[in-house]
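As the structure is a prediction and not an experimental result, all values here were calculated from the model. Values below: every heavy atom of this structure, side chains too, minus hydrogens, waters and symmetry copies. If you read the sequence from its start, that first residue is 1, and numbering goes on from there.
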Amino acid sequence: MKHIVLKITAFIFGVALWFYVISLKDFQLTLEVPVVLGKLPETLAIASKPPHTLPITVEGRSIDLIRLRSQLSNSVYIYIDLQNAELGNKRIHISALNFSAPGFPNVRFVEPDNQRLFIDLDIDTRIERSIPVKNLISINTASGYLLADEPKLEPEEIRVSGARNAITRIIEIPTNTVSIDSITEGGKYSVPLNFSQFPIFALPSDSSISISFSVQKINTKSFKNIPINLIGFFDRNAMRYKLEPDTVSVDITGGKDVLDSISNSNIKLFMEVNRFEIEDVDSLAPTVKLELPAGINRDRSIMAIQVHPDKVHLKKEVIKKTTVEDEDEEGDEEE
């Protein structure tokens, strides 16, 4: 029994001694670490696409390397100081000066034996410009409703800062493709912008826009006794014209709120005299002019206009001219 205890004690002591010896020996470890760019002057911008990470080799005691590997995401990185950067393409050699491992002072960067580690950067002038937003949002109302106006984007343009060569090639910034269906009332929605094709290091002022719109219930309203104005060039002394009927009813179908803002005075009806001769007919539909209040989108808010009756007739009557002889005859008859 005593021999077994001694053997176990010796084994544990041997393992501990082995770990101690190993911990004093330096080992190498290859890691994929992030690349951090810093101190770039405000007047400059990066126009190329540098790597997000680099494979490097580090050296240190095993215990430090084990700890380093477990905390890799925030414990080690390659830092490139761009404080003195100049315009144009630049190849930057990566050395121990770029290696940073806060909290691991005994871990060292190992320079490759057979090759140089570097990254290429293209430095350009920084500019800022406004770029229009492309609307990829589909809005569909429920049955019996309509969009009373064009949906409005806010903002319609996005300020973008970045490398001149990249920013000048951006034509528009699309929204995410979004479908808003079965809408029964107006509202305001926030929609993200799509930066999937955006140049590297281009900085937009906003990551989303809002879209607002007005929805109204579809209704039909009838306007009675609207007079028809007879227009055109004709000899009023030789011919008398009359429309039958000279007033009609007008039914307008559209958004309820818009119809409520319309009165008879907003509806103007016209009939061109010469149209009857040109088209060789005795009845025609009058021309409707709808004078809507300011701010109303007719194309969106008005669906149909119907006149009752749909056609009117033109009656003509020759005006008899009075001559001197006619006046004498009338005088004789009076005597």
Side-chain angles (χ1 to χ4, degrees), residues 31-56 72-95 97-102 109 116-139 149-180 187-213:
L31 302 170
E32 191 81 18
V33 301
V35 176
V36 178
L37 307 177
K39 296 186 179 181
L40 182 68
E42 292 184 358
T43 57
L44 301 179
I46 298 174
S48 59
K49 187 176 182 180
H52 294 294
T53 62
L54 279 177
I56 65 170
L72 180 61
S73 61
N74 55 11
S75 61
V76 58
Y77 55 89
I78 294 296
Y79 180 79
I80 299 176
D81 189 341
L82 298 175
Q83 185 173 9
N84 298 317
E86 298 178 352
L87 291 174
N89 294 314
K90 184 177 182 181
R91 174 161 288 185
I92 301 174
H93 173 237
I94 305 301
S95 67
L97 296 176
N98 303 106
F99 177 72
S100 181
F109 176 84
R116 300 191 71 185
L117 192 62
F118 62 85
I119 67 169
D120 291 325
L121 287 180
D122 183 10
I123 307 298
D124 197 0
T125 302
R126 179 180 296 278
I127 65 170
E128 184 175 299
R129 60 186 287 251
S130 294
I131 300 175
V133 175
K134 182 179 180 180
N135 185 4
L136 296 180
I137 307 166
S138 173
I139 301 174
D149 206 345
E150 290 289 342
K152 183 179 180 182
L153 298 181
E154 297 179 9
E156 295 180 343
E157 294 182 330
I158 299 295
R159 296 292 293 178
V160 178
S161 172
R164 178 190 298 275
N165 187 42
I167 300 300
T168 53
R169 289 183 292 180
I170 304 176
I171 300 175
E172 56 193 8
I173 303 175
T175 66
N176 280 359
T177 302
V178 176
S179 181
I180 305 174
K188 190 172 185 178
Y189 290 76
S190 178
V191 178
L193 295 170
N194 186 344
F195 296 113
S196 60
Q197 303 299 319
F198 221 55
I200 189 69
F201 290 114
L203 303 176
S205 59
D206 291 287
S207 60
S208 64
I209 57 96
S210 64
I211 183 169
S212 56
F213 47 86

If you take all heavy atoms of [X] and [Y], which pair is closest and at what distance?
X	Y	answer
T125	L87	N-CD2, 3.5 Å
F118	I94	CA-CG1, 3.9 Å
H93	N98	O-OD1, 3.4 Å
D124	N165	OD2-N, 2.9 Å
R164	T168	O-OG1, 2.9 Å

So, do [X] and [Y] sit near enough that their side-chain heavy atoms are less than 4.5 Å apart?
X	Y	answer
E154	S212	yes
I180	S138	no
N135	I209	no
L121	N89	no
F109	L97	no

Donor-acceptor pair, [X] side chain versus [Y] backbone, under 3.5 Å?
X	Y	value
S205	R159	yes
T175	L136	yes
S161	E128	no

What pairs with [X] under side chain to side chain contact (heavy atoms under 4.5 Å, CB included), at least two apart in sequence or on another chain?
X	result
K90	I92
S208	S190
P199	A166, I170, A202
E150	N297, R300

- Task: Quickly, which of I137, V133, V178 forms a side chain to side chain contact (heavy atoms under 4.5 Å, CB included) with I211? Name it, please.
- Result: I137

Counting only pairs under 3.5 Å, give me each side-chain donor-acceptor contact of residues 40-56, with atom names and distances, residues two or more places apart or in other chains.
{"residue": "S48", "atom": "OG", "partner": "D122", "partner atom": "N", "Å": "2.9"}
{"residue": "T53", "atom": "OG1", "partner": "E32", "partner atom": "OE2", "Å": "2.8"}

- Going through the checks in order, is the side chain to side chain contact (heavy atoms under 4.5 Å, CB included) test met by F198 and V160? CA-CA 11 Å; F198 221 55; V160 178; 3.7 Å; yes

- Note on the structure: side chain to side chain donor-acceptor pair (under 3.5 Å) filter on N176, not counting sequence neighbours, yields none

- Item | Candidate pair N194 and I173, rule side chain to side chain contact (heavy atoms under 4.5 Å, CB included), full reasoning | CA-CA 7 Å; N194 186 344; I173 303 175; over 6 Å; no

- Item | side chain to side chain contact (heavy atoms under 4.5 Å, CB included) assessment of K39 paired with D81 | CA-CA 6 Å; K39 296 186 179 181; D81 189 341; 3.5 Å; yes

- Do we see a donor-acceptor contact under 3.5 Å between the side chains of Y77 and S100? yes

- Establish, yes or no, whether a centroid distance under 6.0 Å links the rings of Y189 and F213. yes

